[in-house]
*Asks:* 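Could you have a look at this structure, given as structure tokens, before my questions?
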Amino acid sequence: MPTLTMYQADAFADRIFQGNPAAVLIMKDWLPEEVMQAVANENNLAETAFARPNGTGWDLRWFTPVHEAEFCGHATLATAHVLAEAYNVSGDMAFATRVGEIKVSQHDGAYRLDLPCFPPQPLDVELTRTLKHSVSARPVACFRNFENLFVELADEAAVRSFVPDLFKIAAFDPLGVVVTARGGGHDFVSRYFAPAAGIPEDPVTGSIHATLVPYWAEKLGPT
């Protein structure tokens with residue numbers, strides 16, 4: 001096996017030990033899939049990112065401790081930071097992923113992550129009933145996208161005090177569960193749980209905003 005350097009970056013934070021940590025490996029080509037999964041399992045972080053150059057940008061894959069992920073925002077941001085700081089990559093970066101191209105641009109020492117848009121989709125009656133029972137709360141609304149279930153709660157306090165039943169949430173595998181509400185000092189708040197993927201609760205999640213932003217934009221009015 002070739003010798004590789006692995007980095008760990010704290011995404012969505014301006015200081016160490018904050019935000020959401022992701023491991024990042026930059027390579028010339030993919031390792032065997034079982035090896036990448038074993039690395040992610042040993043790291044035991046929400047995501048380990050693997051990137052390789054593709055001629056015009058970068059191919060990017062993400063692994064949780066349990067399986068390869070369809071979509072991850074924070075590990076994409078972490079990968080861009082590692083490329084900029086450790087590999088002297090400047091300017092905008094384009095990542096080819098399972099959900100299409102994701103771009104990260106650099107502005108005045110910071111990064112802008114442009115996510116795809118996955119508008120909320122309705123749930124069928126049976127899944128809605130099961131979800132309401134599983135969260136043991138009083139949902140205002142329930143909806144979904146291709147990889148997660150979303151539950152709007154009454155207010156920010158309900159999101160903060162929410163106690164997940166991880167066994168019941170894991171039964172929705174491969175779907176994770178998001179609880180969200182209108183915020184006080186912010187437009188909205190959210191928490192994310194994916195125990196079946198080895199992520200009991202993610203510290204901060206980028207990918208769910210591909211659905212939360214269009215959902216709350218429609219409810220609150222901003223473009």
Side-chain angles (χ1 to χ4, degrees), residues 11-12 20-23 30-50 60-76 78 97-100 102 115-153 158-181 189-215:
F12 302 128
N20 196 352
W30 303 133
L31 298 171
E33 194 164 299
E34 62 271 17
V35 174
M36 293 193 287
Q37 183 62 70
V39 170
N41 178 266
E42 186 170 85
N43 286 337
N44 200 33
L45 296 169
E47 308 282 348
T48 297
F50 299 85
L60 180 60
R61 297 170 70 179
W62 314 282
F63 286 78
T64 78
V66 175
H67 57 65
E68 185 167 4
E70 294 290 326
F71 186 20
C72 181
H74 87 276
T76 302
T97 77
R98 286 188 168 194
V99 293
I102 299 177
L115 296 176
C117 181
F118 298 116
Q121 303 296 320
L123 298 181
D124 61 47
V125 174
E126 183 176 348
L127 185 53
T128 299
R129 185 183 303 113
T130 303
L131 182 58
K132 287 180 177 180
H133 175 72
S134 297
V135 300
S136 299
R138 293 178 179 238
V140 175
C142 299
F143 52 98
R144 67 171 297 168
N145 66 11
F146 70 100
E147 66 170 358
N148 291 307
L149 302 170
F150 296 78
V151 180
E152 181 188 348
L153 300 181
V159 172
R160 288 185 178 276
S161 63
F162 177 72
V163 179
D165 185 324
L166 296 178
F167 179 78
K168 289 181 178 179
I169 290 175
F172 291 110
D173 183 43
L175 303 173
V177 172
V178 179
V179 292
T180 185
V189 297
S190 64
R191 293 171 66 191
Y192 178 54
F193 309 93
I199 310 169
E201 180 171 0
D202 210 16
V204 54
T205 309
S207 60
I208 59 175
H209 288 76
T211 298
L212 286 173
V213 168
Y215 177 77

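The chain is numbered in sequence order, starting from 1.
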*Asks:* About how many Å separate CD1 of Ile199 and OG1 of Thr205, when rounded to the nearest 0.5 Å?
*Replies:* 8.0 Å
*Asks:* Would you say that Val177 contacts Pro164 through its side chain, given a criterion of any heavy-atom pair below 4.5 Å between the two side chains?
*Replies:* no
*Asks:* Start with the C-alpha distance between Ile208 and Asn148, add both sets of side-chain angles, then the distance that settles side chain to side chain contact (heavy atoms under 4.5 Å, CB included), and finish with yes or no.
*Replies:* CA-CA 8 Å; Ile208 59 175; Asn148 291 307; 3.8 Å; yes
*Asks:* First locate atom CH2 of Trp62, then atom NE2 of His74, and finally report the distance between them rounded to the nearest 0.5 Å.
*Replies:* 11.0 Å
*Asks:* Can you give me every donor-acceptor pair (side chain of residues 126-135, partner residue at least two apart or in another chain, under 3.5 Å) with its distance?
*Replies:*
{"from": "Thr128", "atom 1": "OG1", "to": "Asp124", "atom 2": "O", "distance (Å)": "2.9"}
{"from": "Thr130", "atom 1": "OG1", "to": "Glu126", "atom 2": "O", "distance (Å)": "3.0"}
{"from": "Ser134", "atom 1": "OG", "to": "Thr130", "atom 2": "O", "distance (Å)": "2.8"}

*Asks:* Do you know the tightest heavy-atom contact between Leu153 and Pro139?
*Replies:* CD2-CA, 4.4 Å
*Asks:* Quick one: list whatever passes salt bridge (Lys or Arg N to Asp or Glu O under 4.0 Å) with Glu47, sequence neighbours left out.
*Replies:* none
*Asks:* Give me the atom names and distance for the closest heavy-atom approach of Ser190 to Val178.
*Replies:* CB-CG1, 4.2 Å
*Asks:* Would you please name every residue forming a ring-ring contact (aromatic ring centres under 6.0 Å, His included) with Phe118, sequence neighbours left out?
*Replies:* Phe71, Phe146
*Asks:* Could you grab the distance from atom OH of Tyr215 to atom OG1 of Thr180, nearest 0.5 Å is fine?
*Replies:* 8.0 Å
*Asks:* Can you measure from CG (Leu149) to CG (Leu123) and round to the nearest 0.5 angstrom?
*Replies:* 6.0 Å
*Asks:* Any idea which heavy atoms bring Pro119 and Pro214 closest together, and the distance?
*Replies:* CA-CG, 4.2 Å
*Asks:* Taking side-chain hydrogen bond (donor to acceptor under 3.5 Å, both in side chains) as the definition, give me every residue that meets it alongside Glu201, ordered by chain and number, with sequence neighbours left out.
*Replies:* Arg191
*Asks:* Rounded to the nearest 0.5 Å, what's the gap from SG on Cys72 to CD1 on Ile102? Could you check?
*Replies:* 8.5 Å
*Asks:* Restricting to non-hydrogen atoms, name the atom on Asp202 and the atom on Ala46 that form the minimum distance, rounded to 0.1 Å.
*Replies:* OD1-CB, 3.2 Å
*Asks:* Using the salt bridge (Lys or Arg N to Asp or Glu O under 4.0 Å) criterion, which residues pair with Arg144? Sequence neighbours excluded.
*Replies:* none
*Asks:* Among residues two or more places apart or on two chains, list those pairs meeting ring pair (Phe, Tyr, Trp, His ring centres under 6.0 Å) that have a residue in residues 160-181.
*Replies:* Phe162-Phe193
*Asks:* Tell me which donor-acceptor pairs under 3.5 Å the side chains of residues 30-44 have, and how far apart each pair is, sequence neighbours excluded?
*Replies:*
{"from": "Glu33", "atom 1": "OE1", "to": "Arg61", "atom 2": "NH2", "distance (Å)": "2.9"}
{"from": "Gln37", "atom 1": "OE1", "to": "His67", "atom 2": "N", "distance (Å)": "3.4"}
{"from": "Gln37", "atom 1": "NE2", "to": "Thr64", "atom 2": "O", "distance (Å)": "2.9"}
{"from": "Gln37", "atom 1": "NE2", "to": "Pro65", "atom 2": "O", "distance (Å)": "3.3"}
{"from": "Asn41", "atom 1": "ND2", "to": "Pro65", "atom 2": "O", "distance (Å)": "3.1"}
{"from": "Asn43", "atom 1": "ND2", "to": "Val39", "atom 2": "O", "distance (Å)": "3.4"}
{"from": "Asn43", "atom 1": "ND2", "to": "Thr48", "atom 2": "OG1", "distance (Å)": "3.0"}

*Asks:* Parallel, tilted or perpendicular, judged at 30° and 60°: which one describes the rings of Phe50 and Phe63?
*Replies:* perpendicular
*Asks:* side-chain hydrogen bond (donor to acceptor under 3.5 Å, both in side chains): which pairs involve residues 159-171, sequence neighbours left out?
*Replies:* Glu156-Arg160
*Asks:* Report yes or no: does Asn20 contribute a side-chain atom to a donor-acceptor pair with the main-chain N or O of Ala11 at less than 3.5 Å?
*Replies:* no
*Asks:* For the atom pair CD1 (Ile169) and CG (Leu175), what is the distance rounded to the nearest 0.5 Å?
*Replies:* 12.0 Å
